[in-house]
Amino acid sequence: MKKCYKCGLKGVVYLPQYRIAFCKEHYLEWYSRRVEETIKEFHMFTRESRVLVAVSGGKDSLSLWDVLYRLGYKADGLYIDLGIGEYSERSRIVCERFAQTRGLELHVLSLGEAIATIPEIKRLEKRPPCSFCGQLKRYYMNRFAKEKGYSILATGHNLDDESATLFSNLLAWNMDYLARQFPLLPEGKGFVRRVKPLFKLSEKENALYAFLGGIEYVEEECPFAEGASSIGYKKVLSQLEEESPGTKLRFYMDFLRRLHPLLKAQEVELRHCSICGEPTTGEVCSLCRLRERLSSKTLSSSPSS
Ligand code: AMP
Ligand code: FES
Ligand code: ZN
Ligand code: ZN
């Protein structure tokens, strides 16, 4: 291991794409600076903003909450309990402990109480859980942030997530999704501002921050994640990264710099869902339609009907 780039002591972390090593203290400092620079570069929020960090209990979102807290931002947490057995239980406990030890406020929203748990919906829907789960999370994160007066919703999406999504959108030439792929989505039309302050940091870099910073997090993946197409894209990109360090970051940053400015998102007309009032393209939003399907299926399958 090389010596720390900053102080010359023995390095504990080596970052191949920059060809530099850091000791523990200077790695944590480098990471924080990187997040702070990203927040400023994209005008994500200021120290006066009320930020809601969506935390899953994993390394990325807890590292994000930790670094925002250390940098002096006003950030509370939101954990959505998806009701996926022990996995959700463990994740909630980890988030609660994280908040308690730092004196931070954590909100917990139970999906089971709001609509139904993921395993309950899975029994009635034919789609893979990840598709409706993502939709539900986005809906409740946005709605919760608005109701509680947060102007910013921050998620822990990292460079691996974002470059894999970019890769899949490019393979499908999904122009509309490409146009909307950006680390900041502005507020308006029923949405709060959504930001991804970790998009320049890889999964490994976040794991190192969590490990060296003494953050306890849930390592196991959601039991329904197996077979998700994003895993394959991540594998391909990681192989390229290994052969040529820095590929993922270059791929993503060059997209933002060169291609994104040429793309224009199709203007979709949004209105308020006639049932819940949330933004939607149709008369009734997809979540309220899911709710209707769930109640009709539950009724038709109940023994008394
Ligand atoms: P994922 O879609 O699981 O890759 O997660 C992406 C981001 O969504 C995470 O970094 C979190 O910020 C947020 N997130 C995922 N799961 C939850 C959850 N159960 N509760 C709150 N936020 C979540
Ligand atoms: Fe949503 Fe796994 S986290 S289905
Ligand atoms: Zn050092
Ligand atoms: Zn609705």
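Heavy atoms only: backbone and side chains are in, while hydrogens, waters and symmetry mates are out. When a ligand or atom number is given, it counts from 1 through the structure's own listing order.
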Can you tell me the protein heavy atom closest to [atom] and the distance?
atom	answer
atom 9 (C) of ligand 1	G156 N, 3.9 Å
atom 12 (O) of ligand 1	A54 O, 2.5 Å
atom 1 (Fe) of ligand 2	C133 SG, 2.1 Å
atom 2 (Fe) of ligand 2	C222 SG, 2.1 Å
atom 17 (C) of ligand 1	S56 CB, 3.6 Å
atom 20 (N) of ligand 1	I80 N, 2.9 Å

Any donor-acceptor N/O pair, H260 side chain to A179 backbone, under 3.5 Å =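 Side chain of H260 to backbone of A179: a pair is present.
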Heavy-atom donor-acceptor pair, R19 side chain to L15 backbone, under 3.5 Å =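 No; judged by distance alone, with no hydrogens or angles, the pair does not exist.
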Record the part of [X] in heavy-atom contact with ligand 1 below 4.0 Å; permitted values are side chain, backbone, both and neither.
X	result
K137	side chain
V55	backbone
D60	neither
L64	neither

Quick one: angle C4 SG - the Zn ion (ligand 3) - C7 SG, to the nearest 10°?
->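 Value returned, to the nearest 10°, is 110°.
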Taking both backbone and side-chain atoms of M141, is any N or O found less than 3.5 Å from an N or O belonging to ligand 1?
->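 N/O-N/O distance under 3.5 Å: no.
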Indicate yes or no: does an N/O atom of A154 lie under 3.5 Å from an N/O atom of ligand 1?
->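 No, no N or O pair falls under 3.5 Å.
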Does a side-chain N-to-carboxylate-O contact under 4.0 Å join [X] and [Y]?
X	Y	result
D161	K196	no
R92	E89	yes
R90	E220	yes
R271	E283	yes
E162	K200	no

Short check: any N/O/S atom of C130 below 2.8 Å from atom 1 (Fe) of ligand 2?
->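 It does not; every qualifying atom lies at 2.8 Å or beyond.
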When hydrophobic residues are tied together by side-chain contacts of less than 4.5 Å, even through go-betweens, does L263 share a cluster with F42?
-> yes
Can you name the atoms of ligand 1, numbered from 1 with element, that are less than 4.0 Å from a heavy atom of [X]?
X	result
L78	21 (C)
H157	6 (C), 7 (C), 10 (O)
S61	10 (O), 11 (C), 12 (O)
T155	12 (O)

Just give me the atom name: the N, O or S atom of H26 closest to the Zn ion (ligand 3).
->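 Distance check against the Zn ion (ligand 3) picks out ND1 in H26.
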Within 45° of the six-membered ring axis of Y73 and under 6.0 Å from that ring's centre, is NZ or CZ of R47 located there?
->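 Yes.
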For the residue pair F22 and Y27, categorise the inter-ring angle as parallel (less than 30°), tilted (30 to 60°) or perpendicular (more than 60°).
->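 Rings of F22 and Y27: tilted, as their planes differ by 30° to 60°.
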Is the closest heavy-atom distance from E221 to ligand 2 below 4.0 Å?
->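 Outside the 4.0 Å threshold, so no.
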Are the side chains of I20 and K6 in touch, meaning some heavy atoms are under 4.5 Å apart?
->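 Not touching, per the 4.5 Å side-chain cut-off.
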Just wondering, more than 12 heavy atoms not from E29 lying within 6.0 Å of its CD?
-> yes
